[in-house]
Structure formats: structure tokens, C-alpha cells
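Heavy-atom basis, side chains included; hydrogens, waters and symmetry copies ignored. Lettering follows sequence order; numbering is per chain, from 1. These numbers come from a predicted model, not from an experiment.
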Amino acid sequence: MTTTSAAKTTILNLPEDELVHPGNRACAGCGLSIIYRIGLKALGRDTILVVPPSCLTVLQGLYPIAATQLPCLNVTFASTAAGATGILGAMRAKKNETTTVAAWAGDGGTSDIGLQALSGACERGENFIFICYDNEAYMNTGVQRSGTTPQGVITTTTPFSGKAQRKKDVPSIIAAHGIPYVATASAAYPLDFFDKITKAKTMKGPKYIHVHTPCPSGWGFHSRFTVKIGALAVETGLFDLYEIENQKFRLTGASEKLIGKKRKPVKEYFKTQSRFKALTDDQMADIQKEIDAKWEGYQQVA
Amino acid sequence: MHIIESGNVAAASGVKLAKVQVIAAYPITPQTPLTEKLSEFVDSGEMDAQYIPVESEHSALAVCIAASSAGTRAFTATSANGLLYMHEQLQWAAGARLPIVMCVVNRGIGAPWTVWNDHQDSISQRDTGWIQLYCCDHQQIIDTVLQAFYLAETVSVPVMVCYDGYILSHTYMPFDIPEQTDVDRFLPPFSPAYALDPKQPANLNTVTLPDVRPDVRGDVAPGYMEIRHNLHMDMRAAITVAADIDRKFEDIFGRGGNPFIEPYRCDDADFVAICLGSLSYHLRDVVDILREEGIPVGVMGLRLYRPFPNQAVRNALSSRKAVIVFEKALSYGNQGALYGDIKSALYTADNRPIVHNYILGLGGREIKTHHLEKALRESCTAPDAIGDTPVWIGLKM
């Protein structure tokens with residue numbers, strides 16, 4: 001199979017069918033509410049969702065009211081990918097070959113407590129789409145550090161000097177399982193995310209999409225800047241949009257366009273959010289160097 | 001058809017006859033040969049099921065929870081620390097009202113590591129909202145697996161079928177494998193009230209508030225407490241259902257009659273030993289010895305432990321002089337769990353017998369017939385001399 005460019009969806013041909021009811025419980029400016037709405041459009045009505053505890057549990061509503069029009073199984077924190085496995089097993093037993101099974105978890109539920117089940121499911125080759133919305137901390141419980149919280153970030157469990165350790169590179173860990181499709185996306189580029197889900201739906205086996213998801217209350221910025229800040233993470237080359245399709249890596253969308261272009265300094269991104277206020281100039285300079293080195297590598301393969 | 005096989009094969013044969021659709025399991029001794037047998041059935045095409053070799057027991061039950069939520073009959077099996085690793089999922093399966101059946105091949109739990117038999121694993125999970133059935137022999141294992149699916153699906157509560165590791169799981173005994181046509185007559189296909197379906201979307205196990213709350217049409221829906229009360233009431237109803245199922249099973253297969261308690265030489269017994277699992281068969285030998293001495297003693301094996309059949313226990317025991325509870329588990333810092341349950345059931349009886357508690361066989365410590373004989377003789381001959389604290393049998397230091 002060859003690597004193909006995702007078909008481009010625009011705001012003009014995005015499906016009109018809304019699968020998320022308006023008036024859900026997401027915070028103002030929530031990055032998740034953008035990608036959930038667009039992501040469900042891409043998944044379509046013939047889908048069963050699996051969701052562990054996360055902000056999404058709250059967004060989806062409190063019993064007996066639900067904000068989603070898709071069937072959804074809420075499962076325990078560590079068991080998302082195993083839950084998806086069970087639904088797939090049932091679908092095979094019932095000879096249902098059409099329904100998409102999509103797991104949708106936060107960064108803690110994916111990269112920390114949920115990693116073992118996700119790794120097991122990837123190794124078994126389960127035919128699901130796993131979407132991780134990465135808002136870079138345990139937001140639903142009140143902004144505690146997670147494995148994907150970047151270095152230096154202030155959270156309620158790294159309250160003064162910020163997180164000492166680096167961000168865990170979850171897409172690379174998942175890609176190491178040799179699954180057919182790993183992609184990153186951003187809430188600032190929902191159409192790119194839409195196209196990646198659409199592509200994932202055409203493939204058999206585990207598909208993993210890691211979505212950078214700005215969180216106004218957890219990151220410390222005004223709710224009107226969600227898209228701007230998500231875009232800045234990409235424009236500075238800090239968070240990159242890419243696909244690894246059948247082991248082949250390529251940058252996509254806004255990140256692809258940065259090749260050979262001058263990127264914005266990462267400092268611009270850091271100064272938009274209060275969570276980075278403990279970062280020193282030296283630390284920012286070090287991170288800038290890492291980004292430059294990473295992009296040097298990208299230019300060489302491009 | 002009668003065959004001679006292990007207890008684990010008896011369980012696997014029951015699972016196959018029950019036409020389970022999704023099996024998920026993770027290896028742990030002494031359960032492993034059961035799931036190996038199931039993978040053999042599936043891989044050879046003898047059984048039309050999805051066998052999912054998961055990466056942990058937590059995920060094994062997660063798969064069953066999801067498969068059951070999606071409307072298929074699901075099975076898993078485990079032992080010891082594997083069961084403890086499922087603890088969160090056990091409660092989830094019960095709260096979600098999923099009729100999963102699981103074999104628990106009883107084994108002691110670490111630390112320190114032990115792979116040998118006792119009952120601490122399943123007893124420590126008694127308050128998870130699962131029905132617990134205990135088996136005494138291989139015939140009971142296969143029969144109970146079939147009954148368990150019927151019971152689980154009738155009351156929408158998951159069921160553990162517990163049997164002793166090694167003593168039953170790895171020993172060979174003759175037993176009857178029922179005919180598939182008879183099993184199909186006994187156990188109808190699983191047809192849940194709701195299964196996950198894109199054509200009828202529902203959001204299952206969502207956050208539920210302390211109070212009741214109207215839905216979008218204005219109809220009041222239950223709160224968390226009503227949902228949990230329903231679980232309790234349906235667990236209690238399972239006692240009657242278990243008796244009905246036992247009758248139906250007896251009609252078709254000719255085996256039954258004791259859905260809650262299996263008595264041996266108890267009709268005229270002033271003294272009754274009671275326990276869970278295969279130990280009750282061991283105690284039958286001891287009863288025979290003491291009967292020869294003229295001691296009016298019998299033994300009862302308790303088959304249904306949760307829900308606890310209080311009325312049946314009261315009826316069976318309240319006219320006795322003493323009840324002697326032998327246990328391979330205990331509630332640390334207090335007493336045997338079964339001992340507490342039996343005393344509680346007898347509290348409202350007109351005549352309250354003396355109740356003794358013996359703790360034995362932990363971590364596979366060998367249970368000697370002469371140890372049982374000595375303990376039971378002491379309880380029968382001088383019942384007042386033994387107090388309300390558990391007495392440990394077989395301690396060497």
C-alpha cells in the first residue's frame with residue numbers, strides 16, 4: 001500500500017449532520033468540544049464509542065440526559081482499549097462488519113493509566129480507531145500533571161517550579177507497535193482531523209490519532225484564544241501534524257507547509273499561557289534548540 | 001456422555017455447551033488449563049466463539065463488560081491475584097447489570113506468593129455485587145456453569161462459579177457431559193433488554209447524580225441510589241430464581257434438589273459442620289467416622305454464598321445444638337466471613353445453636369482428616385468449651 005494524501009475536506013463540504021447536541025457541559029472555549037463535534041461527523045452514525053472517565057464524560061452529560069447521538073459505553077479509567085476490544089468481539093460474533101468502534105480518551109486515560117490496555121489492543125491488531133485528546137494534564141480532576149504534560153508546566157501537582165520531566169511521546173510509542181495508522185492532529189485544525197478520521201475508517205486494524213487540545217482553564221488563557229493557541233503550537237514547530245501510514249512518516253497540513261519556511265519562535269507560544277510562567281529564558285532557549293534540531297531532521301527527509 | 005477429565009475441562013465443557021460468544025482470559029495458575037481448553041475448542045472450530053487473549057485480567061473483564069453490553073454472552077475465568085486485579089471491573093460489571101459468568105478457580109493470594117488453594121480470593125470479593133456459587137465436584141462444576149448463565153441472564157447480575165484450585169481443577173473424576181440438545185432446551189439464547197446499537201443509541205454508565213432527575217421528556221429517571229437498590233433487590237430475588245432453575249435443571253438432566261445447601265447425614269444431626277467447596281466432601285469421611293462413634297453429626301456444603309440464603313440457612317441450622325463452620329478464608333482482624341454470615345442468619349431464630357469457627361488450609365496447607373476429626377469431635381463433645389474466636393487448624397509454629 002502506498003502513502004496517500006488525505007482528501008481535503010472544507011467547511012463547505014463538511015457533513016451537516018450534527019451528532020453532538022448544543023448546550024453540552026463543556027467549558028467555554030473547550031478544545032475538546034471542537035474536535036468532538038467534528039470528529040463525530042467524520043465517524044458517522046454507524047459508530048459505537050468507548051469513553052473512560054475524562055472531561056468527555058462530563059461533556060456527554062449527566063444521566064438521564066446525553067449530549068451525543070451515538071451509542072456510547074462508559075468504561076473504567078484503565079480499560080478503554082479493552083472495552084473497544086470487547087465491542088469488536090461482539091460485533092464479530094454478530095457478523096456486523098460495518099460498525100466503526102471508536103475509543104475516545106484523554107491524555108491520562110491514554111498515556112498513563114490506559115497505556116497497558118492500549119498497547120495490548122494494538123499488539124492484537126484490534127480494528128478500532130483510538131482518539132486521544134491531549135490537553136496535557138488531568139483537566140477533569142483539576143489540572144494535575146500527566147505523562148504528556150510538557151516540561152516546565154505549572155499544574156496543581158507541580159505548583160511552583162513546574163514539571164521537571166519531558167512530555168511522553170505517545171504517538172511514537174503507539175507507532176512502535178507497527179499498526180497501520182498513527183496520526184497527530186490539533187483542535188486548531190479540525191478539518192485536518194476530520195480527514196484523518198475519514199482515512200482511518202478505510203483501514204483495517206488499530207488506528208491511533210493524537211489530538212493536541214488547548215484547554216483555557218487548565219492552560220491559563222482566555223477562552224476566545226483556543227484556536228489561536230492551538231495554531232501557535234503548530235506554527236512554532238512545537239506540536240507537529242503528521243501521519244505514519246504503514247510505517248511511513250509524513251508531515252501534513254499546516255506542519256507540511258512549514259518545511260523550508262521560517263517558524264515562529266516558541267517563546268511566543270509560551271508567553272500566551274500562564275502555565276508556562278515558571279519557564280526560564282534558558283529553558284525556553286533549550287526547547288527552541290530541540291525544536292530546531294527536530295525540524296532540521298524533517299527538512300533532510302523532505 | 002460420561003467422561004473422566006479434570007475440573008477445568010468440566011468447566012470448559014460447560015462454557016462450550018452454553019454457546020458462549022466472547023471469551024477473554026489472561027493466564028493464571030490454576031485457572032490456565034480451563035482457558036487453554038477453550039482456546040483449543042475455538043481454534044479447532046469445535047466452538048463458534050471469539051477468543052480474545054488479553055494483556056491483563058483487568059482487560060479480560062473489560063472485554064466481557066463491553067461484549068455483554070453489546071449483547072453477546074461473555075465468559076472469563078481467573079484465580080487469586082487475577083481476581084483481585086479485576087476488583088474495579090467486578091463492581092463495574094455488577095453495577096452495569098451485565099450477566100457475565102466467570103469461573104474462579106480458588107487460590108490463596110499474595111503476599112507472600114502462594115499458588116495453592118484457599119478461598120481468600122473469592123471471599124474477598126463477596127461485596128462486589130456478584131452472585132457466588134461454590135462447587136464440590138466436577139459434575140457440579142459443569143452443571144453450575146450452565147445454571148450460572150441462566151441465573152445471570154434472568155436477574156441481570158454477573159455470576160462467579162467458584163471451585164477449588166488443584167483439588168478440583170487438576171484432579172480427574174468421572175462426570176456426565178450433557179447433550180447439546182438438552183442444554184439448548186434448558187438455556188435459551190441470550191436476549192438482553194438493550195444492547196449497544198447505532199440504530200438505538202444510548203449512553204451507558206454515565207455520571208449519575210445523588211438525586212432522581214427528569215429526562216428530556218420530563219419522566220423522572222432513577223438516581224444512583226435507586227439503581228443500586230435495584231441491584232440489591234434483584235440479588236435477593238436471585239435466591240428464588242436459583243431454586244426455580246434448580247428444578248428446571250433437574251427436570252431435564254435428573255440432577256438437582258439442593259440449590260442452596262447440600263446436606264450429608266444431617267436429618268437427625270445435633271451437630272452440623274458447614275463449609276464452602278470440596279472441603280464438604282472431605283468432611284463427609286469425618287462425619288462417617290464420628291457417626292460410628294455414635295456422635296449425631298452431619299455436614300452441609302453451602303452452594304450459594306451471595307446472595308446469602310438466610311432463610312434456608314436458618315431452617316437448616318436453627319434446630320441444631322452446634323454449627324461448626326470450617327473456612328479457608330477469613331476477614332482479617334475479626335473472624336471467618338461465612339462464620340459471621342451464619343451467626344447473622346441465626347440471630348432471629350427461636351433456637352440459636354452454638355457456632356464455632358475453624359480456619360484451615362490457607363495457602364494450600366494440607367488438611368489432614370485426623371485434624372478435621374479432632375476439631376469436629378471437640379466441637380461435638382464439648383461445644384461450650386470453645387469460644388467465639390476462630391480456632392486455627394494445622395498451624396505448626
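- Taking both residues in full, the closest heavy atoms of B/Pro53 and A/Arg124 are given as O-CD, 3.5 Å, listed atom of the first, atom of the second, then distance.
- When all heavy atoms of A/Tyr63 and B/Thr208 are compared, the pair lying nearest together is CB-OG1, 3.6 Å.
- Contacts of B/Val22 with chain A are made by side-chain atoms alone, with heavy-atom separations under 4.5 Å and no backbone atom involved.
- For B/Ser69, the part lying near chain A is the side chain, with the backbone staying farther off; criterion is any non-hydrogen pair under 4.5 Å.
- Annotation: maximal heavy-atom pairing with chain A below 4.5 Å, among B/Thr72, B/Leu204, B/Leu209, B/Asp48, occurs at B/Leu204.
- Per-residue counts of heavy-atom pairs under 4.5 Å with chain A were compared for B/Ile65, B/Val63, B/Val207; the largest is that of B/Val63.
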Check the pair B/Gln89, A/Val75 against side chain to side chain contact (heavy atoms under 4.5 Å, CB included), reporting the backbone distance first and the verdict last. CA-CA 9 Å; B/Gln89 302 287 57; A/Val75 297; over 6 Å; no
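- Among A/Thr47, A/Leu73, A/Thr80, the residue making the largest number of heavy-atom pairs under 4.5 Å with chain B is A/Leu73.
- The shortest distance between side-chain heavy atoms of A/Ser79 and B/His58 falls below 4.5 Å.
- Of all residues in residues 83-102 of chain A, those placing a non-hydrogen atom less than 4.5 angstrom from a non-hydrogen atom of chain B are A/Gly83, A/Thr85, A/Gly86, A/Ile87, A/Gly89, A/Ala90, A/Met91, A/Arg92, A/Ala93, A/Lys94, A/Lys95, A/Thr99.
- At a 4.5 Å heavy-atom cutoff, B/Ala49 makes no contact with chain A through either its backbone or its side chain.
- If you measure heavy-atom distances from B/Leu196 to chain A, the contacts under 4.5 Å come from both the backbone and the side chain.
- Below 4.5 Å, heavy atoms of chain B meet heavy atoms from A/Arg45, A/Asp46, all part of residues 35-46 of chain A.
- Inspection of non-hydrogen atoms places no residue of residues 28-43 of chain B under 4.5 Å from chain A.
- The distance from atom CD of B/Glu55 to atom CD of A/Gln116, rounded to the nearest 0.5 Å, is 5.5 Å.
- B/Asn203 places no side-chain N or O within 3.5 Å of a backbone atom of A/Ala66 that could act as its donor or acceptor partner.
- Among residues 213-223 of chain B, the residues having any heavy atom closer than 4.5 Å to a heavy atom of chain A are, in sequence order, B/Arg213, B/Pro214, B/Asp215, B/Val216, B/Ala221, B/Pro222.
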